[in-house]
Trainee: 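I'd like to ask some things about the structure below.
As the structure lists them, so they are numbered: ligands from 1, and atoms in each ligand from 1. Since the structure is predicted, the reported quantities are computational estimates derived from the model, not experimental observations.
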Amino acid sequence: MLSNTLFVCASQVPKDLAPSEFRERPQETAVLLATPEFFRVEGAINPHMVDRGGQLNVVDQPRARGQWREIVAVLEDLGLKVHVIPGREGLPDMVFTANQSFPFVDAEGAKKVLLSRMRTKERQGELQYFADWYAKHGFAAIDFDMARDEALEGMGDLLWLPDRYLIFAGVGPRTDRSVVERLPDVLGCPIFALELTNPRFYHLDTAFVPLDQNRALVHPPAFSRESLSLLDSVFDELLVAPREECESGFACNALVLPGQHVLIDDSCVKTGELLGNLGYEIHFVSTSEFRKSGGSVFCMTMMLP
Ligand code: ARG
């Protein structure tokens, strides 16, 4: 049903749509991270990377390593198999493993990966290391042609509905609409395209967290009006995350894990309370050093099938 459809506005969505009717998707059991020893802020490729005076943020390296290790420890405690790619000198953003790829298991149970084309030249060099890693781990790379100036930034902009074959795609700053239009056929599932209109929320994963088949956490000012009503037509309930926690704490970069667990930056106390009241177990982690580069916990992880 509705397979391979691209949805861009609410009027396309059938009135009786129930996301639970979409094909079931196996739960992720593993996660991929990259070590942070070469993580720095070397150039501003998003507005979070400079301070109020326009100077590049300065990363406290020992603290960044400690925060990264703490995230790994929580993921392991929760029973996930943690895979790690070594970071590389000269690739200061490689630690954000949500962006270089989109791995999944297809309807026949085969492991596949769609590799990204990064928007900025600063990040292009990361891709080969991820391509190699996936090849070694039995993921077949999808043959997908992109024009030279087209971009696609993996799970930064392509988010699954939990447990279902249905994808939400952010279009604008980092991923092109022309690319997303071709993806329903390539990935074999319906896609809801959401227009990102605010440069501070440059990836979909900075402004939207699908929680389950009925509910999502959102930061509405990140989206066009049309995209917000599209989201409204899919979910029974859109929970608005506290504005200040979205703007400075990356509340909508929380990582939701099977079993009702949420990892979220420790400055997002109100958002934690909101989700805690819904029955989620909240694991606060500190990501202050990574926020200086415009990312938090979701950006630093790649859930694997
Ligand atoms: N400095 C990185 C960039 O601008 C941060 C990436 C954060 N990742 C994310 N999925 N939001 O590309």
Trainee: Once you restrict to heavy atoms under 4.0 Å, what part of Thr120 touches ligand 1? Side chain, backbone, both or neither.
Mentor: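 It is neither; nothing of Thr120 touches ligand 1.
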Trainee: Quick one: does Met118 get within less than 4.0 Å of ligand 1, heavy atoms only?
Mentor: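 It does not; every heavy atom stays at 4.0 Å or beyond.
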Trainee: Taking Trp133's backbone N and O only, do any of them form a donor-acceptor pair with His137's side chain (distance below 3.5 Å, no angle check)?
Mentor: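 Yes; judged by distance alone, with no hydrogens or angles, the pair exists.
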Trainee: With a cut-off of under 6.0 Å to the ring centre and 45° to the axis, is Arg291 in cation-pi contact with Phe250?
Mentor: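 Judged by the rule (NZ or CZ under 6.0 Å from the ring centre, within 45° of its axis), Arg291 is not positioned above Phe250.
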Trainee: Within the 4.5 Å heavy-atom criterion, are Ser267 and Glu245 side-chain neighbours or not?
Mentor: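 When only atoms from C-beta onward are counted, Glu245 and Ser267 do not touch, as no gap falls below 4.5 Å.
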Trainee: Going by the atom numbers of ligand 1, which of them fall below 4.0 Å from some non-hydrogen atom of Asn99?
Mentor: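 It comes down to these atoms of ligand 1: 6 (C), 7 (C), 8 (N), 9 (C), 10 (N).
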Trainee: Between Ser293 and ligand 1, is there a nitrogen or oxygen pair with a distance under 3.5 Å?
Mentor: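 In this structure, Ser293 places an N or O atom under 3.5 Å from an N or O of ligand 1.
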Trainee: What part of Arg123 sits under 4.0 Å from ligand 1 if we count only heavy atoms: the side chain, the backbone, both or neither?
Mentor: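 Side chain only.
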Trainee: Over 60° means perpendicular and under 30° means parallel, so classify the ring planes of Phe201 and His219, tilted if in between.
Mentor: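 Tilted.
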Trainee: Could you walk me through whether Arg177 and Glu150 satisfy the salt bridge (charged side-chain N to carboxylate O under 4.0 Å, His left out) test, starting with their C-alpha distance in whole Å, then the side-chain angles of each, then the deciding distance to 0.1 Å, before giving a yes or no?
Mentor: CA-CA 9 Å; Arg177 182 177 289 273; Glu150 281 184 325; over 6 Å; no
Trainee: Out of all atoms in ligand 1, which are within 4.0 Å of some heavy atom of Asp93? Include the element for each.
Mentor: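 Those atoms are 1 (N), 2 (C), 3 (C).
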Trainee: Between Arg123 and Glu126, does any NZ, NE, NH1 or NH2 come within less than 4.0 Å of an OD or OE carboxylate oxygen?
Mentor: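 Yes, this pair counts.
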Trainee: Can we say Arg119 and Asp176 salt-bridge, meaning some charged N sits less than 4.0 Å from an Asp/Glu carboxylate O?
Mentor: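 Salt bridge present between Arg119 and Asp176.
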Trainee: Taking the minimum heavy-atom distance to atom 4 (O) of ligand 1, which of Glu126, Glu122, Arg174 ranks first?
Mentor: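 The residue whose heavy atom sits nearest atom 4 (O) of ligand 1 is Arg174.
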Trainee: Heavy-atom contacts with Cys299 under 4.0 Å: which atoms of ligand 1 show up? List them by number with element.
Mentor: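 With Cys299 as reference, the close atoms of ligand 1 come out as 7 (C), 8 (N), 9 (C), 10 (N), 11 (N).
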Trainee: With atoms numbered from 1 as shown, which atoms in ligand 1 lie under 4.0 angstrom from a non-hydrogen atom of Asp205?
Mentor: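 Answer, ordered by atom number: 9 (C), 10 (N), 11 (N).
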Trainee: Judged by atom type as modelled, is there a donor-acceptor pair below 3.5 Å linking the side chain of Glu24 to the main-chain atoms of Asp163?
Mentor: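 Between the backbone of Asp163 and the side chain of Glu24 there is no qualifying donor-acceptor contact (under 3.5 Å).
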Trainee: Please lay out, stage by stage, how Phe39 and Phe290 fare under the test ring pair (Phe, Tyr, Trp, His ring centres under 6.0 Å).
Mentor: CA-CA 9 Å; Phe39 166 60; Phe290 299 93; 4.7 Å; yes
Trainee: Quick check: Asn46 and ligand 1, any N/O pair under 3.5 Å apart?
Mentor: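 Yes, Asn46 has an N/O under 3.5 Å of an N/O on ligand 1.
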Trainee: Can you check whether Glu153 has an N/O within less than 3.5 Å of an N/O in ligand 1?
Mentor: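 No; the residue has no nitrogen or oxygen that sits under 3.5 Å from a nitrogen or oxygen of the ligand.
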Trainee: Quick check on contacts: which atoms of ligand 1 are under 4.0 angstrom from a heavy atom of Gly294?
Mentor: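 Result: 7 (C).
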Trainee: With backbone taken as N, CA, C and O and side chain as the heavy atoms from C-beta onward, which portion of Phe298 lies under 4.0 Å from ligand 1: side chain, backbone, both, or neither?
Mentor: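 Looking at Phe298 and ligand 1, no heavy atom falls under 4.0 Å.
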Trainee: Touching ligand 1 at all, Met49? Heavy atoms, strictly under 4.0 Å?
Mentor: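 In this structure, Met49 qualifies as a contact of ligand 1 - some heavy atom is under 4.0 Å.
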